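Predicted, not measured: the structure shown is a model, and the values here were computed from it.
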Amino acid sequence: MEGFSEELVSALKEVVSHSHWQCVGDKERFKSPCTKLYSEDGEHLVLIHRNGRYFAMDSACPHEGGPLEQGDIEELCDGRLALTCPWHYFEFCLDDGSSSSGLQNQVYEVKVCDGKVYIQTENALSLTPWKKTQAKHPGNTEAAGSTQVIHNDCSLTYWANKILCTSDPEEKAKLTHKVQEMWNSGKITEIGHLQPPAQPSRKEDLTIVQPGQIKRGKGGTLASRIALLHSLANIEQWAIDLSWDIIARFATFHLQTGERLPKEFFSDFVKVAGDEAKHYQLLEKRLVELGSHFGDLPVHNGLWQSASDTAHDLLGRLAIVHMVHEARGLDVHPQTLQRFSAQGDENSAEVLEVIYTDEITHVAAGLKWFTYICNMEQRWYLPLVKPS
């Protein structure tokens, strides 16, 4: 850089390096509508070129991993551009990665400077696949230090997304138990990185109303006890999704110290997800025993609002969803239990006792990781007290 001091050039290079801008080449190389770029972490990107503008997003469709670099660029009704997956025709807006299906793809900022294309990502990118370095071991096995190619279905975030996109709550619960077993047994070892959908899938025949329109009853009649159990089943269905969402949405979260979340964080919320799945199944079984089933009554999506509000704030998510909401459930438990016991419905009461015992550990998990992050980042919060 002729005309600039060596110190300034060095400082500029350091700024560029720390801001994670990757130069992928001259813009003349990217005249095709879509170009696949290989990331060193295995989560590849697609660079999109349209009318002199450049966009970038993850190349694997968040639905089933379809190759977006083989998709078509289309114009949405609002004039924005979208890339359509060639497998199931889900479209993803080039500006923000959103989709009318509710899925969400990760997008990356792209800039052109002095004829070169830059993408903001911390991982190095290449136009060709990264070579694997292997040491020679007996039996032709890979060396422990070699580059390992991890397929999507081997990562925890892949399965988290699959569960979030499963609309049937019974299947959601069964799949949760399956993934919990695979994680605990070591069959799943990688966290991965796959952006979760903006909102989990739900069965089309569910009647969804505003939260204030749900009639829960006071438990004095069979119908009101069914309404209470149905409401709790809906809460547990959302609780399953909230557990998987925090795993997928914050899989690449970095503390201010630069460290990633420890594996124990993900193990704790896999357990929470498994508990919530168990709770849903217990409640559904009890509803059937009482002559009903989940879906017979209207439900609401109010719990997901807190997830949306804290989609980019892990501390907020832990505090609101996994501490406050869970703790409120504990607060109302004695009164709810008394309503069922007063009507001699001991079978339902036993289900509520199981849920209560587990929910105590869920509040503890939220508090544990809220405290962990605050301590690691040296954030100090005064305890909340009620005004006198």
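By the 4.5 Å side-chain criterion applied to Ile, Leu, Val, Met, Phe, Trp and Tyr, L83 is assigned to a cluster that also includes V46, I48, F55, M57, L68, I73, L81, F90, F92, L94, L103, V107. Other members of a hydrophobic cluster containing V324 are absent, since no ILVMFWY side chain comes under 4.5 Å of it, directly or through relayed contacts.
A pairwise comparison of heavy atoms in P197 and C165 identifies CG-SG, 4.0 Å as the closest pair. The shortest heavy-atom contact between H193 and E43 is O-OE1, 3.3 Å. The heavy-atom pair separating T310 from F250 by the smallest distance is O-CZ, 3.6 Å. The nearest pair of heavy atoms linking T176 to A273 is CG2-O, 3.4 Å. Closest approach of W159 and M182 over heavy atoms only: CE2-CE, 3.7 Å. Here the closest non-hydrogen pair linking D241 and L164 is O-CD2, 3.4 Å.
No more than 12 heavy atoms of other residues, nucleotides or ligands shown are found within 6.0 angstrom of CZ on R53. For K36, the NZ atom counts as densely surrounded, since its 6.0 Å shell holds more than 12 non-hydrogen atoms of other residues, nucleotides or ligands. Other residues, nucleotides and ligands contribute only 12 or fewer heavy atoms inside 6.0 Å of the CG atom of D114. Crowding of Y89 atom OH: a count of heavy atoms from other residues, nucleotides or ligands under 6.0 Å not exceeding 12.
A distance-only check finds a donor-acceptor pair linking the side chain of Q22 to the backbone of T121 [under 3.5 Å]. Of the possible donor and acceptor atoms, one in the side chain of T157 sits under 3.5 Å from a partner among the backbone N and O of I191. A donor-acceptor contact shorter than 3.5 Å links the side chain of H254 to the backbone of T252. Not a single donor-acceptor pair under 3.5 Å links the side chain of K27 to the backbone N or O of G115. At least one donor-acceptor pair under 3.5 Å links the side chain of E377 to the backbone N or O of Q256. In this structure, T189 contributes its side chain and G186 its backbone to no donor-acceptor pair below 3.5 Å. Judged purely by atom type and a 3.5 angstrom limit, K116 has no side-chain atom pairing as donor or acceptor with the backbone of G25. No donor-acceptor distance shorter than 3.5 angstrom exists from the side chain of W304 to the backbone of P200, with no hydrogens or angles considered. Side chain of N234 to backbone of H300: a donor-acceptor contact under 3.5 angstrom is found. Checked by atom type and distance alone, the side chain of T221 pairs as donor or acceptor with a backbone atom of S224 at under 3.5 Å.
A salt bridge is defined here as a Lys NZ or Arg NE, NH1 or NH2 lying under 4.0 Å from an Asp or Glu carboxylate O, and R317 with D309 fails to meet this definition. For E236 and K278, the salt-bridge test fails: no basic side-chain N is under 4.0 Å from an acidic carboxylate O. D168 and R202 are not joined by a salt bridge, as no carboxylate oxygen comes within less than 4.0 angstrom of a charged side-chain nitrogen. The pair D345-R286 meets the salt-bridge criterion, with a side-chain N (NZ, NE, NH1 or NH2) lying under 4.0 Å from an Asp/Glu carboxylate O.
Cluster annotation: L352 is not connected to V288 through the hydrophobic network of ILVMFWY side chains, with a link wherever side-chain heavy atoms come within less than 4.5 Å.
A side-chain N or O of S306 and one of H325 form a donor-acceptor pair less than 3.5 Å apart. Looking at D58 and H44, their side chains never bring a donor and an acceptor atom within 3.5 Å of each other. Side-chain contact check for D296 and H230: no donor-acceptor pair (N or O, by modelled atom type) lies under 3.5 Å. Between Q281 and H177, the side chains place a donor N or O and an acceptor N or O closer than 3.5 Å (distance only, hydrogens not considered). Side chain to side chain, E69 and T35 fail the donor-acceptor criterion of an N or O pair below 3.5 Å.
With W244 as the aromatic partner, R249 does not meet the cation-pi criteria of under 6.0 angstrom to the ring centre and within 45 degrees of the ring axis.
The aromatic rings of Y280 and F294 sit perpendicular, their planes meeting at an angle over 60°, well past the 30° parallel limit.
Separation of atoms OG1 (T371) and CG (L367) is listed at 4.0 Å; rounding is to 0.5 Å. In this structure, CD in Q104 is found 9.0 Å from SG in C93, a value given to the nearest 0.5 Å. Rounded to the nearest 0.5 angstrom, N161 CG and L194 CG are separated by 4.0 Å. Taken to the nearest 0.5 Å, the CG atom of L261 stands 9.5 Å off from the CE atom of M376.
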**Request:** Run the numbers on Y54 and H49 for ring pair (Phe, Tyr, Trp, His ring centres under 6.0 Å), then give the verdict.
**Result:** CA-CA 5 Å; Y54 293 88; H49 172 230; 4.7 Å; yes

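Between E181 and N184 the shortest side-chain heavy-atom distance does not fall below 4.5 Å. Proximity of S98 to R80: side-chain heavy atoms (C-beta onward) are separated by under 4.5 Å at one or more points.
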Sequence neighbours left out, cut at 3.5 Å: what donor-acceptor pairs do the side chains of residues 262-269 make with other protein atoms?
unit_1: E264; atom_1: OE2; unit_2: K368; atom_2: NZ; d: 2.5
unit_1: S267; atom_1: OG; unit_2: W183; atom_2: NE1; d: 3.0
unit_1: S267; atom_1: OG; unit_2: K263; atom_2: O; d: 3.4
unit_1: D268; atom_1: OD2; unit_2: K368; atom_2: NZ; d: 2.8
unit_1: D268; atom_1: OD2; unit_2: W369; atom_2: NE1; d: 2.8

